[in-house]
Amino acid sequence: MSKYWKPGSERPRTVLVDDEEGGVLFLSSPPSSSGFGHSSLERQRQRLPVYKYRTAILYLVENHATTIIVGETGSGKTTQIPQYLKEAGWAEGGRVIACTQPRRLAVQSVASRVAEEMGVKLGEEVGYTIRFEDQTKPNVTKIKFLTDGVLLREMMDDPLLIKYSVIMVDEAHERSLSTDMLLGLLKKVQRRRPQLRIIISSATIDAKSMSTFFHIRRRNIGQAAEDPTPSELPAILSVEGKGYNVEIHYVEEPVSDYLQAAVNTVLSIHDKEPPGDILVFLTGQDDINAAVQLLTEDAQNNGLLVLPLFSGLSRADQDLIFSPTPKGKRKVVISTNIAETSLTLEGIVYVVDSGFSKQRFYNPIPDIENLVVAPISKASARQRAGRAGRVQPGKCFRLYTEEYFVKEMPAEGIPEMQRSSLVSCVIQLKALGIDNILGFDWLASPSPEAMIRALEVLYSLGILDEDAKLTSPTGFQVAEIPLDPMISKMILSADTYGCSEDIITIAAVLSVQSIWISVRGAQKEFDEVKLRFAAAEGDHVTYLNVYKGFIHSGKSSQWCYKNYINYHAMKKVIDIREQLSRLLRRLGIVLKSCERDTQVLRKAIIAGFFAHACCLEEFSPNGMYKTIKSSQEVYIHPSSVLFRVNPKWVVYHSLVSTDKHYMRNVIAIDPSWLIEAAPHFYQVRKPNPAPY
DNA sequence: GAGCACTGC
């Protein structure tokens with residue numbers, strides 16, 4: 001242990017150079033550490049690129065409130081840095097080292113890897129917390145991995161995150177909604193708790209803006225001598241990755257049809273290049289299926305094994321992707337963005353990058369989120385290319401010109417914060433006591449329009465009052481419920497209508513992607529089976545029937561299979577439902593069933609979703625509706641049980657925007673219920689009774 | 001009679 005830098009001991013002989021712009025520290029020559037352990041796991045640890053920066057990292061963390069670590073994939077930073085910190089004493093005295101990840105799967109796999117390296121049982125010294133699963137032991141767990149969403153939730157009980165000595169925010173370059181929120185909040189926490197150390201780990205070089213953001217200036221300078229305050233200047237350290245070299249190829253002329261170009265490129269790779277699997281990035285399910293079709297026709301006798309990959313795939317189909325490529329075959333995986341970050345495929349040597357992905361954009365004026373095909377960023381393009389260099393040197397074929405890449409492609413994507421509705425963000429910040437939302441120190445400020453729209457929506461739901469403060473009890477209760485605020489409001493209203501037992505089932509189903517299995521080819525049969533569950537009132541009531549059937553079957557996977565229902569989705573429904581019933585009990589709400597009084601059920605739904613009311617246009621031949629709020633043209637989605645039924649008045653849960661705006665999850669209502677539920681929002685007989 | 005990139009609490 002003596003070889004390691006320990007807090008409070010002499011500074012290591014490391015050359016640190018002052019950066020001319022603002023005193024940022026760079027490491028110019030990493031020290032070489034030697035002699036630790038002899039087991040093969042230890043040797044593996046020492047071979048990781050991050051190992052030679054061990055002393056430097058510990059020095060920087062000791063002396064800087066914030067340390068920014070720029071490292072490519074494979075550097076080992078995620079698994080090693082928490083261990084270095086623990087070895088250096090950061091987990092002593094009951095303190096905990098936290099490391100956040102954007103995704104659940106990463107949390108679990110990294111935690112078990114670290115537990116294995118440390119030779120401890122997962123859930124004790126090394127643990128993790130994700131929703132529905134807490135594998136930590138109080139006073140025992142020293143290194144804790146968790147999703148950034150869970151850490152945000154923890155802040156509601158422990159705003160200063162007192163139990164943590166160091167918080168490492170990993171994958172910060174992805175700039176997810178919760179990462180951005182967390183970073184803004186951590187900056188605030190740091191001001192109150194100068195001893196807290198933050199490590200921000202990012203794959204891109206945009207460390208400068210992160211550094212500027214975290215360059216805090218504290219008011220109270222005087223600190224006790226034995227408790228020295230770390231420098232408020234963030235340190236930046238760059239760690240190289242371990243990936244193999246990937247040769248980049250561009251097209252010479254822009255392509256007009258990237259689908260066809262992708263197919264041609266795959267065939268030409270197969271024709272000219274040595275063995276190795278191919279990963280193709282396209283935008284969505286339709287494109288992917290079309291490409292699979294084209295390639296399969298071509299692939300009859302030529303040894304290509306073509307597989308689609310997107311999140312809606314069944315478990316069995318996803319497993320196909322991971323099974324080893326049969327001898328003499330070449331695997332071609334045609335994928336959405338899911339393979340860019342969420343899934344890692346081994347054995348990929350060639351990547352074909354269309355340069356596009358589907359991205360969410362939010363328009364605050366009509367309060368609608370759109371999913372559109374848009375060009376990716378340079379950061380994404382690099383990430384995609386990197387997928388070819390995991391096992392050996394690879395090649396990436398970009399279906400755009402080099403000139404386009406250099407001159408036109410944006411360096412970074414737009415942070416999710418600037419592409420989303422902010423209702424959930426706003427309510428979480430409010431619950432943390434941040435009243436001046438407009439003045440919050442964001443890493444990337446959302447548009448004032450989006451902010452105002454979020455405040456308006458929350459006000460209309462009775463979650464915020466005129467002073468934009470959380471109402472009591474509704475506002476505080478909604479903030480406790482980990483769901484979209486409109487769903488939370490619906491749940492709380494169900495208490496007054498006496499149907500909370502049923503409503504939490506609906507809320508749970510609405511919170512999972514889809515409980516139906518996506519079928520191709522068996523559409524007609526699927527529709528017939530669906531009719532067994534269909535309720536005249538609409539989709540929400542239909543879900544109650546499905547849930548009942550599932551419970552009645554003894555939660556049988558066989559039953560699900562027979563009824564085209566996604567078993568894994570149903571299990572998640574059960575989990576969410578459990579969580580909600582525990583939460584409601586804590587809020588003092590007694591669960592009660594309305595015994596299929598669908599009128600009170602729908603009134604409870606309206607209490608959350610009155611703003612989504614629509615009226616069928618008179619004489620509309622194609623089932624066109626208009627939203628009451630903003631006269632937006634919308635249609636019932638063909639997957640709804642009310643498709644072609646077209647009741648005069650409906651309320652929808654969400655919109656899917658493609659060529660038209662489609663309402664997904666629709667119920668039929670009586671317009672008088674709207675006025676009853678939201679008299680402040682709707683008035684009788686006015687042409688456009690929107691309140692804004 | 002048409003279709004939902006991806007996460008997360």
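Lettering follows sequence order; numbering is per chain, from 1.
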Look at the side chain of Arg131(A) and decide which nucleotide, out of dA2(B), dA5(B), dC9(B), has an atom nearest to it. dC9(B)
OP1, OP2 of dC9(B) versus side-chain N and O of Thr147(A): anything below 4.0 Å? yes
Does Phe356(A) have any ring pair (Phe, Tyr, Trp, His ring centres under 6.0 Å) partners at least two apart in sequence or in another chain, and if so, which? Tyr258(A)
Closest to side chain of Ser342(A), choosing from dA2(B), dC6(B), dA5(B): dC6(B)
Nearest to the Arg103(A) side chain among dC9(B), dG8(B), dG1(B), which nucleotide is it? dG8(B)
Hey, which of these two, Asn337(A) or Pro482(A), hits DNA chain B nearer its 5' end, going by closest nucleotide? Asn337(A)
Side chain of Tyr662(A) only, please: which of dC9(B), dG3(B), dA5(B) is the nearest? dG3(B)
Measure CD/Gln285(A) against C1'/dA2(B) and give the value in whole Å, please. 12 Å
Atom CZ of Arg419(A) and atom P of dC6(B) are separated, to the nearest Å, by 14 Å
Parallel, tilted or perpendicular: rings of Phe526(A) and Trp516(A) (30°, 60°): perpendicular
What's the CG-P distance between Asp148(A) and dC9(B), to the nearest Å? 9 Å
Gap between atoms CD1 and C1', on Ile576(A) and dC9(B) respectively (whole Å): 10 Å
Across the strands shown, which category fits Asn622(A) at heavy-atom distances under 4.0 angstrom: base, sugar-phosphate, nothing? nothing
Without decimals, in angstroms, what is the distance between Gln513(A) CD and dG3(B) C1'? 13 Å
May I ask you to say what Ile338(A) touches in the nucleic acid, namely base, sugar-phosphate or nothing, with a heavy-atom cut-off under 4.0 Å? sugar-phosphate
Closest to the His637(A) side chain: dG1(B), dC4(B), dC9(B)? dC4(B)
Look at the rings of His612(A) and Phe609(A) and say which category their plane angle falls in: under 30° parallel, 30 to 60° tilted, over 60° perpendicular. tilted
If you go through the side-chain atoms of Asn289(A), does one of them form a donor-acceptor pair with the base of dG3(B) closer than 3.5 Å? no
Heavy atoms only, 4.0 Å cut-off, all strands: where does Ser357(A) land among base, sugar-phosphate and nothing? nothing
Quick note, Ile130(A) side chain, CB onward, closest among dC9(B), dA2(B), dA5(B) is dC9(B)
Looking at dC6(B), dG3(B), dA5(B), which one has an atom nearest to any side-chain atom of Ser311(A)? dC6(B)
Separation of atom CG in Leu105(A) from atom C1' in dG8(B), rounded to whole Å: 13 Å
Between Pro446(A) and Leu422(A), the two heavy atoms sitting closest are CB-CD1, 3.5 Å
Could you state the atom-to-atom distance from CE of Met181(A) to C1' of dC9(B) in whole Å? 10 Å
Between P of dA5(B) and CD of Gln359(A), the distance in whole Å: 13 Å
Give me the atom names and distance for the closest heavy-atom approach of Arg104(A) to Arg131(A). NH1-O, 3.0 Å
Using the test ring pair (Phe, Tyr, Trp, His ring centres under 6.0 Å), find all partners of Tyr543(A) that sit at least two apart in sequence or belong to another chain. none
Using a heavy-atom cut-off of under 4.0 Å over every strand shown, decide if Arg104(A) touches base, sugar-phosphate, or nothing. sugar-phosphate
